[in-house]
Amino acid sequence: MLEKEFVKNMPKLGFGLMRLPRSNKETDEIDVEQTKVMVDKFLAAGLKYFDTAFVYNGSEAAAKAALVDRYPRESYFLASKLNAGAYACHDEESAKQEFWTSLERTGAGYFDFYLLHALSRNNIDKYEEYHIWEFVQEQKAKGLIKHVGFSFHDTADVLDEILTKHPEAEFVQLQINYADWDSPTVQSRMCYEVCVKHNKPVVVMEPVKGGTLANPPQSVKDILTAAEPDMSAASWAVRFVADQPNVMVVLSGMSNIEQMEDNTSYMAGFSGMTDEERKTIGEAQKALAAIPQIPCTACKYCVDGCPMQIRIPDIFAAMNREMIFSQTEAAKRAYANATKEPHGKASQCIQCGACEGACPQHLPIRDLLVKCAEALEN
């Protein structure tokens with residue numbers, strides 16, 4: 001298991017290799033030379049954790065070229081992931097083959113951290129059916145994996161079930177950022193607290209909420225700029241999560257040298273936020289909450305009785321992304337995901353009113369679904 005002292009002393013910024021710079025946008029080819037410069041700057045800042053995955057197109061090969069082939073193996077930590085989802089594999093054999101392919105692509109010899117990728121209530125059965133939990137423990141026993149964990153995309157109750165069933169997991173990778181900290185749908189804080197309860201250190205992904213918090217709403221930006229005029233908005237987001245006591249490392253998916261230089265400028269030697277900085281983040285969270293949005297708590301009482309199987313809370317979460325951050329394309333993608341068959345679209349609501357009778361918040365759900373359809377279906 002991961003020792004507390006090891007977790008405490010881990011440099012807090014990790015280099016996420018999912019959004020590497022591209023030299024050819026048409027072929028999606030990674031700019032390896034620019035990646036080498038970024039790797040050099042990252043390591044020169046005293047940082048060590050690199051994160052890739054089998055399903056990140058070209059990322060593992062880029063890690064080999066920019067990192068593994070150029071630096072002593074003991075000078076960094078490398079993490080990769082096995083995805084048992086239908087789009088990544090089709091049976092137990094092909095799922096397990098991902099591990100061996102990742103070892104070959106990276107040339108790393110072993111993985112310091114290895115994760116079951118993107119666990120949720122929709123796919124956890126596959127990891128059981130394919131015996132992936134047992135498989136990674138076998139590779140750990142051989143020395144091919146140092147530490148086993150998983151990344152997670154679901155609610156706190158599901159996370160609690162997984163950690164109760166699989167106490168052998170040594171760490172968890174979670175989506176955490178100050179915008180979603182108290183979100184009833186993302187449940188950042190609740191998931192974090194489940195990990196604390198199970199004594200599992202946390203690796204953070206999406207600390208800047210997919211780039212959203214690098215350019216937050218003006219009311220939020222004004223608060224952050226007034227507090228520290230020379231610090232980027234992104235720096236506040238990264239520092240907020242790095243400041244949480246049970247966080248081992250914060251991943252930033254950096255795409256260019258400028259982002260690397262900004263991140264390393266404040267995260268090299270990071271030792272925590274001041275009380276004044278924490279107060280500023282609290283004010284920023286209040287400013288975000290004051291922006292008009294649908295006050296859905298994602299209790300899901302409205303879902304079970306819907307004859308059209310409309311995932312109402314997920315649709316409202318997508319709409320809030322549009323209302324709060326003006327992220328139209330991201331909101332439409334989230335909406336499209338929420339309305340995949342067999343689930344109905346907002347426009348397919350038959351106005352029966354069953355949802356409104358079940359809603360503890362007494363929301364005008366039928367009228368709100370009409371607005372969601374108008375905004376996100378065109």
Side-chain angles (χ1 to χ4, degrees), residues 10-83 87-89 94-118 136 139 142-149 151 173 203 205-206 208 210-211 238 249-265 267-268:
M10 171 75 79
K12 288 294 182 252
L13 182 66
F15 189 173
L17 303 175
M18 184 174 70
R19 299 186 178 97
L20 292 173
R22 306 287 158 169
S23 56
N24 188 322
K25 291 184 179 180
E26 290 185 6
T27 62
D28 206 32
E29 184 177 350
I30 291 172
D31 187 337
V32 174
E33 293 308 309
Q34 187 176 171
T35 301
K36 287 179 180 179
V37 175
M38 295 168 71
V39 165
D40 293 345
K41 288 181 177 292
F42 186 79
L43 289 168
L47 304 166
K48 300 184 69 172
Y49 192 107
F50 295 83
D51 173 86
T52 184
F54 174 83
V55 296
Y56 297 168
N57 185 27
S59 175
E60 291 181 323
K64 182 179 191 301
L67 174 66
V68 177
D69 289 347
R70 300 172 63 238
Y71 285 93
R73 182 63 184 87
E74 68 277 6
S75 66
Y76 57 86
F77 299 123
L78 184 62
S80 194
K81 311 179 189 75
L82 186 159
N83 192 306
Y87 75 100
C89 64
S94 59
K96 292 177 177 177
Q97 180 58 40
E98 291 180 27
F99 173 77
W100 305 111
T101 300
S102 292
L103 272 183
E104 182 180 358
R105 285 175 180 170
T106 61
Y110 63 91
F111 291 113
D112 301 278
F113 297 87
Y114 197 70
L115 297 86
L116 281 61
H117 196 178
V136 293
Q139 308 321 312
K142 296 175 186 175
L144 298 177
I145 297 171
K146 301 299 182 185
H147 302 288
V148 172
S151 61
Q173 187 163 307
V203 174
M205 56 183 160
E206 301 293 352
V208 194
V238 174
V249 66
V250 180
L251 300 176
S252 179
M254 293 170 273
S255 303
N256 55 55
I257 294 169
E258 291 72 26
Q259 290 176 0
M260 175 64 71
E261 290 177 338
D262 180 49
N263 279 345
T264 55
S265 70
M267 285 303 293

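Just so we're clear, the structure is a prediction, and the values are computed from it rather than from any experiment.
Taken to the nearest 0.5 Å, the CZ atom of R22 stands 4.0 Å off from the CD1 atom of I30. Separation of atoms CE (M38) and CG (L67) is listed at 13.0 Å; rounding is to 0.5 Å. For the atom pair M18 CE and S252 OG, the distance stands at 10.5 Å (nearest 0.5 Å). To the nearest 0.5 Å, atom CD of residue E74 and atom OH of residue Y76 are 8.5 Å apart. To the nearest 0.5 Å, atoms CG (L43) and OG1 (T264) are separated by 11.5 Å. With values rounded to the nearest 0.5 angstrom, K64 atom NZ is found 14.0 Å from T52 atom OG1.
Residues Y56 and N83 have side chains that never bring a donor and an acceptor to within less than 3.5 angstrom of each other.
Listed by chain and residue number, E33 satisfy the side-chain hydrogen bond (donor to acceptor under 3.5 Å, both in side chains) test with K36 (two or more places apart in sequence, or in another chain). For S102, the side-chain hydrogen bond (donor to acceptor under 3.5 Å, both in side chains) test picks out E60, with sequence neighbours left out. A79 is linked by a side chain to side chain contact (heavy atoms under 4.5 Å, CB included) to Y49, D51, F113, L115, counting only residues two or more places apart in sequence or in another chain. Residues meeting the side-chain hydrogen bond (donor to acceptor under 3.5 Å, both in side chains) test with N57, sequence neighbours left out: D28. The side chain to side chain contact (heavy atoms under 4.5 Å, CB included) search around Y110 returns R73, D112, K146, not counting sequence neighbours.
Between the K12 side chain and the M267 main chain, no donor and acceptor come within less than 3.5 Å of each other. One N or O on the side chain of Q259 and one on the backbone of S255 form a donor-acceptor pair closer than 3.5 Å. A donor-acceptor distance shorter than 3.5 angstrom exists from the side chain of R105 to the backbone of F54, with no hydrogens or angles considered. A donor-acceptor distance shorter than 3.5 angstrom exists from the side chain of S59 to the backbone of L17, with no hydrogens or angles considered.
Judged by a 6.0 Å distance limit and a 45° cone about the ring axis, K48 is positioned over the six-membered ring of F77.
Smallest separation of non-hydrogen atoms from G253 and R19: O-CB, 3.8 Å. Summarising the geometry of A118 relative to S151, their closest heavy-atom pair is N-OG, 2.7 Å, with the distance given to 0.1 Å. In terms of heavy-atom proximity, S94 sits nearest to C89 at OG-CB, 3.3 Å. For the pair L78 and A108, the tightest heavy-atom approach, listed with the atom from each and the gap, is CD2-CB, 3.7 Å. Closest heavy-atom contact between V39 and A66: CG1-O, 3.6 Å. Heavy-atom minimum distance, V32 versus A65: CG1-CB, 3.8 Å.
Between L251 and Q173, the closest side-chain pair of non-hydrogen atoms falls below 4.5 Å. Counting only heavy atoms from C-beta outward, the side chains of D31 and L20 never approach each other to under 4.5 Å.
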### Query
Should F99 and Y114 be marked as a ring pair (Phe, Tyr, Trp, His ring centres under 6.0 Å) after you check the CA-CA gap, both sets of side-chain angles, and the distance that decides it?
CA-CA 9 Å; F99 173 77; Y114 197 70; 5.1 Å; yes
### Query
So D40 and R70, side chain to side chain contact (heavy atoms under 4.5 Å, CB included) or not? Walk me through it.
CA-CA 10 Å; D40 293 345; R70 300 172 63 238; 3.0 Å; yes
### Task
Take Q34 and N256 through the test side chain to side chain contact (heavy atoms under 4.5 Å, CB included) and record every step on the way to the result.
CA-CA 8 Å; Q34 187 176 171; N256 55 55; 3.6 Å; yes
### Message
As a quick check of understanding, evaluate side chain to side chain contact (heavy atoms under 4.5 Å, CB included) for L82 and L116, giving each step before the final call.
### Response
CA-CA 5 Å; L82 186 159; L116 281 61; 5.8 Å; no
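Among residue pairs with one or both ends in residues 14-38, those qualifying as ring-ring contact (aromatic ring centres under 6.0 Å, His included) are F15-F42, F15-F50; sequence neighbours excluded.
Ion pairing of E261 with K41 is present here, as a side-chain N (NZ or NE/NH1/NH2) and a carboxylate O approach within less than 4.0 Å.
Checked against F111 for a side chain to side chain contact (heavy atoms under 4.5 Å, CB included), the options V136, T106, L144 give a single hit: T106.
Atom CD of Q97 has more than 12 neighbouring heavy atoms from other residues, nucleotides or ligands inside a 6.0 Å radius.
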